[in-house]
Colleague: 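This is the structure I want to talk about, given as C-alpha cells.
Because the structure is a prediction, the values reported are computed rather than measured.
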Amino acid sequence: MKQIESIKEFGGWLNRYQHDSACCDCTMTFSVYLPPRAATEKVPVVYWLSGLTCTDNNVRTKAGAQRYASELGIALVMPDTSPRGEGVADEPDRYDLGMGAGFYVNATEQPWVRHYLMYDYVTRELPALIEAELPVVAGLKSITGHSMGGHGALVCALREPGAYRSVSAFAPICHPSVCGWGQGCFGAYLGENRESWKAYDTVELIRSGVAKIPLLIDQGTGDEFLADQLHHQDLQAVCQEKDFPLTLRMQDGYDHSYHFIATFIGEHLAYHAQALSR
C-alpha cells in the first residue's frame with residue numbers, strides 16, 4: 001500500500017493510495033478521507049462505490065462529502081470502479097463494459113475472469129487492507145454508492161448479512177437483469193445463464209428471501225436514466241411483497257449527476273454515522 005497523494009481538508013486528510021491487488025491482478029487506486037478524529041483514535045468507515053465511467057476521483061472532488069465526514073468523525077473509503085492497466089480486458093469503444101464498468105461482480109467468463117473480481121475486492125480485500133493499515137475500527141463499516149455503485153452497495157449489504165451496519169444508495173440500478181446496462185455487463189462477465197445473474201441483482205436477492213436490512217434510497221424524478229435503466233418500481237414492488245424495509249425518497253426535479261448527490265450526501269452520511277454509533 002503506497003500513498004501517492006495527501007491533501008488537508010476540513011482538519012483531516014484526503015489521501016490516495018495504490019496497491020497490488022490479488023483479486024484484480026493489477027495495481028488498484030483508491031482514496032480515503034480520514035477525519036481529524038482519526039489522528040487520536042480509530043474511527044468507523046463508510047465505503048462509497050461509484051458509478052459507470054467513474055474512478056475514485058469523481059466523488060472526492062464533486063460530492064462535498066468530506067466536510068460532513070469531518071464533522072461526523074467517520075472515514076470515507078472510495079475505491080475505483082474496475083481494474084485498470086496494461087493487459088486488463090476492456091472494450092474501449094464502450095463506456096458501459098470493461099474499464100470503468102466493473103459492476104461489482106466476480107466475473108466467471110473469459111477474458112474478464114482474470115481481473116474483474118470486483119465483488120471480492122470491495123467486500124474482502126480492500127476492507128482487510130484498510131483495517132490493517134489505517135486508523136479505523138475493524139468491522140465497523142457501512143456502505144453507499146451511486147448508480148452502478150448504488151447497485152453495488154445494495155448487493156454487498158444483502159449478500160453479506162451483518163457485515164455492514166447500514167446501506168444507502170443514490171439512483172441505484174435496482175434490477176440490472178432487466179436493463180441494458182446490467183444485461184450488457186452480466187452477459188459478458190457472468191455468461192448467458194441468467195440464473196447466475198440473480199446473485200448480483202437487488203430485486204432478485206430480496207425475492208429470494210435474504211436477511212432484512214433497512215434500505216435508504218434517494219432517486220431524482222428528473223433522472224434521465226430513470227425509465228430505462230434504474231427500475232425503482234421493481235424494487236418497490238418486491239419490498240412490499242416481502243415486507244422488506246425500504247425508504248425510497250423521490251426527489252423532485254433532481255437528475256443523475258453529482259449535483260443531486262451533493263444535495264443529499266450529508267443526510268446519507270448522518271444516517272450511516274447514527275448506525276455506526278450504535
Colleague: For atom NZ of K42, decide whether the heavy atoms of other residues, nucleotides or ligands shown that lie under 6.0 angstrom number more than 12.
Modeller: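 No - once you tally the heavy atoms of other residues, nucleotides and ligands closer than 6.0 Å, there are 12 at most.
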Colleague: Could you check whether any side-chain heavy atom of L248 comes within less than 4.5 Å of a side-chain heavy atom of L235, counting everything from C-beta outward?
Modeller: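 Of all side-chain heavy-atom pairs linking L235 with L248, none is under 4.5 Å.
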Colleague: Minimum heavy-atom separation for A169 and G150, please, with both atom names.
Modeller: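 Scanning both residues completely, I find the closest heavy atoms to be CB-CA, 3.8 Å.
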Colleague: Could you walk me through whether T55 and D80 satisfy the side chain to side chain donor-acceptor pair (under 3.5 Å) test, starting with their C-alpha distance in whole Å, then the side-chain angles of each, then the deciding distance to 0.1 Å, before giving a yes or no?
Modeller: CA-CA 5 Å; T55 68; D80 203 344; 5.2 Å; no
Colleague: Are E204 and H175 packed together at the side-chain level, in the sense that at least one heavy-atom pair is separated by less than 4.5 angstrom?
Modeller: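 E204 reaches H175 side chain to side chain.
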Colleague: Group every Ile, Leu, Val, Met, Phe, Trp and Tyr by side-chain heavy-atom contacts under 4.5 Å, then state whether M28 and L49 land in the same group.
Modeller: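 Shared cluster, yes.
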Colleague: How long is the gap from CE on M78 to SG on C54, to the nearest 0.5 Å?
Modeller: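 So the CE of M78 and the SG of C54 are separated by 13.0 Å.
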Colleague: Would you name the heavy atoms of G100 and R84 that are closest together and state the gap between them?
Modeller: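 Closest approach of G100 to R84, heavy atoms only: CA-NH2, 3.7 Å.
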Colleague: Would you indicate whether the side-chain heavy atoms of R16 and N57 approach each other to under 4.5 Å?
Modeller: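 Heavy-atom side-chain distance check passes, below 4.5 Å.
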Colleague: Report the C-alpha distance between T81 and Y104 in whole Å, list the side-chain angles of each, state the deciding distance to 0.1 Å, and finish with yes or no for side chain to side chain contact (heavy atoms under 4.5 Å, CB included).
Modeller: CA-CA 8 Å; T81 54; Y104 306 103; 3.5 Å; yes
Colleague: Before we go on, tell me: are the rings of Y68 and H268 under 6.0 Å apart, centre to centre?
Modeller: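 Not under 6.0 Å, so no.
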Colleague: Could you pull out the closest heavy-atom pair between A153 and I143, with the gap in Å?
Modeller: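 The pair with the smallest heavy-atom distance is O-CG2, 3.7 Å.
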Colleague: Hey, what do you get for CD (Q3) to OH (Y17), rounding to the nearest 0.5 Å?
Modeller: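 Q3 atom CD to Y17 atom OH measures 4.5 Å (nearest 0.5 Å).
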Colleague: For a quick test of reading the model, state the closest non-hydrogen atom pair linking Q66 to V59 and the distance between them.
Modeller: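 For Q66 and V59, the tightest heavy-atom pair comes out as OE1-O, 4.4 Å.
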Colleague: Would you find more than 12 non-hydrogen atoms of other residues, nucleotides or ligands less than 6.0 Å from R67 atom CZ?
Modeller: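 No - once you tally the heavy atoms of other residues, nucleotides and ligands closer than 6.0 Å, there are 12 at most.
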Colleague: Using only atom types and a distance under 3.5 Å, with no angle test, would you say the side chain of K212 pairs donor to acceptor with the backbone of D243?
Modeller: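 Yes, the answer is positive, given that a donor and an acceptor are paired below the 3.5 Å cut-off.
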Colleague: Distance check, rounded to the nearest 0.5 Å: L190 atom CG versus E109 atom CD?
Modeller: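 Answer rounded to 0.5 Å: 7.5 Å.
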Colleague: Return the orientation label for the F103 and H151 ring planes: parallel under 30°, perpendicular over 60°, tilted otherwise.
Modeller: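 It falls in the tilted class, 30° to 60°.
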Colleague: What closest approach, in Å, do C26 and V88 show between heavy atoms, and which atom pair accounts for it?
Modeller: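 Residues C26 and V88, closest heavy atoms: CB-CG2, 4.3 Å.
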Colleague: Around D252, counting heavy atoms of other residues, nucleotides and ligands shown, do more than 12 lie under 6.0 Å from its CG?
Modeller: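 For D252, atom CG is not crowded (no more than 12 foreign heavy atoms under 6.0 Å).
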Colleague: Could you please spell out the steps behind the side chain to side chain contact (heavy atoms under 4.5 Å, CB included) verdict for L226 and H256?
Modeller: CA-CA 9 Å; L226 182 58; H256 199 72; over 6 Å; no
Colleague: Would you say the ring centers of F225 and H146 fall short of 6.0 Å from each other?
Modeller: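 No - the distance between ring centres of F225 and H146 does not fall below the 6.0 Å cut-off.
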Colleague: Tell me whether F186 shares a hydrophobic cluster with M148, the cluster being built from Ile, Leu, Val, Met, Phe, Trp, Tyr side chains joined at under 4.5 Å.
Modeller: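 Yes, one cluster joins them.
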Colleague: Under 4.5 Å between any side-chain heavy atoms of S82 and Y116, yes or no?
Modeller: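 With C-beta onward as the side chain, the pair touches.
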Colleague: Nearest 0.5 angstrom please: M250 CE to I217 CD1, how far?
Modeller: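 Between atom CE of M250 and atom CD1 of I217 there are 10.5 Å.
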Colleague: Side chains of F260 and D223: closer than 4.5 Å at any heavy-atom pair?
Modeller: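 They are not in contact (no side-chain heavy atoms under 4.5 Å apart), so the answer is no.
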Colleague: Using atom types as modelled and distance alone, determine if a side-chain donor or acceptor of D120 lies under 3.5 Å from a backbone N or O of N106.
Modeller: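 The answer is no, because no donor-acceptor pair under 3.5 Å joins these two groups.
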Colleague: Answer yes if M99 and V105 sit in the same cluster of Ile, Leu, Val, Met, Phe, Trp and Tyr residues linked by side chain heavy atoms under 4.5 Å apart, and no otherwise.
Modeller: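 Result: yes, single cluster for both.
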Colleague: Is Q240 atom CD crowded by more than 12 heavy atoms from other residues, nucleotides or ligands, each under 6.0 Å away?
Modeller: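 Incorrect, the count does not exceed 12.
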Colleague: Keeping the roles fixed (side chain from W13, backbone from V32), state whether a donor-acceptor pair exists under 3.5 Å.
Modeller: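 Not a single qualifying donor-acceptor pair exists.
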Colleague: Just how far is it from atom CG of L230 to atom OG of S147, taken to the nearest 0.5 Å?
Modeller: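 Rounded to the nearest 0.5 Å, the CG-OG separation comes out at 6.0 Å.
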Colleague: Scan L126, V136, V137 and name whichever one has a side-chain contact (heavy atoms from CB on, under 4.5 Å) with E131.
Modeller: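 One option only clears the test, and that one is V136.
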Colleague: Kindly assign one of parallel, tilted or perpendicular to the pair Y258 and W48, based on the angle between their ring planes and the thresholds 30° and 60°.
Modeller: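 Tilted, since the angle between the ring planes falls between 30° and 60°.
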Colleague: Side-chain contact test, heavy atoms from C-beta onward, threshold under 4.5 Å: evaluate it for S70 versus P36 and give yes or no.
Modeller: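 S70 reaches P36 side chain to side chain.
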Colleague: Donor-acceptor check, side chain of Q251 to backbone of D218, threshold 3.5 angstrom: yes or no?
Modeller: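 No; zero donor-acceptor contacts below 3.5 Å.
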Colleague: To the nearest 0.5 Å, how far apart are NE2 in H272 and OG1 in T144?
Modeller: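 Interatomic distance, H272 NE2 to T144 OG1, rounded to 0.5 Å: 4.0 Å.
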Colleague: Report yes if some heavy atom in the side chain of V167 is under 4.5 Å from a heavy atom in the side chain of L154; otherwise report no.
Modeller: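 Yes, their side chains come closer than 4.5 Å.
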Colleague: Is the Y254-F264 ring centre distance short of 6.0 angstrom?
Modeller: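 Close enough - the centres of the two rings lie under 6.0 Å apart.
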Colleague: So do the side chains of V178 and D234 get within less than 4.5 Å of each other, counting heavy atoms only?
Modeller: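 They are in side-chain contact.
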Colleague: Please evaluate residues T263 and I261 with respect to the criterion side chain to side chain contact (heavy atoms under 4.5 Å, CB included), reporting the C-alpha separation (whole Å), side-chain torsions for both, the decisive distance (0.1 Å), and the verdict.
Modeller: CA-CA 5 Å; T263 303; I261 295 166; over 6 Å; no
Colleague: Any Lys/Arg nitrogen of E9 or R60 sitting under 4.0 Å from an Asp/Glu carboxylate oxygen of the other?
Modeller: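 Answer for the salt bridge query: no.
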Colleague: Cluster question for you: counting only ILVMFWY and a side-chain heavy-atom cut-off of under 4.5 Å, with indirect links fine, are L134 and L76 together?
Modeller: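 The answer is no; the residues belong to distinct hydrophobic clusters.
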Colleague: Do R159 and Y200 meet the cation-pi criteria used here (NZ or CZ under 6.0 Å from the six-membered ring centre, within 45° of the axis)?
Modeller: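 Ring-cation test returns yes.
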Colleague: Please check this pair: side chain of E91 against backbone of L97, looking for a donor-acceptor N/O pair closer than 3.5 Å.
Modeller: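 Not a single qualifying donor-acceptor pair exists.
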Colleague: Check whether the side chains of N58 and S50 place a donor and an acceptor atom closer than 3.5 Å, and report yes or no.
Modeller: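 Result is no, nothing qualifies.
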Colleague: Under 4.0 Å between a Lys/Arg side-chain N and an Asp/Glu carboxylate O for R249 and E267?
Modeller: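 Answer for the salt bridge query: yes.
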Colleague: Do L129 and L14 land in one hydrophobic cluster if side-chain heavy atoms of ILVMFWY residues count as linked below 4.5 Å?
Modeller: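 The answer is no; the residues belong to distinct hydrophobic clusters.
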Colleague: One pair to check against side chain to side chain contact (heavy atoms under 4.5 Å, CB included): V45 and L140. What are the steps and the verdict?
Modeller: CA-CA 6 Å; V45 183; L140 190 57; over 6 Å; no
Colleague: Which heavy atom in Y121 sits nearest to a heavy atom in S21, and how many Å separate them?
Modeller: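 So the two residues come closest at CD1-OG, 3.6 Å.
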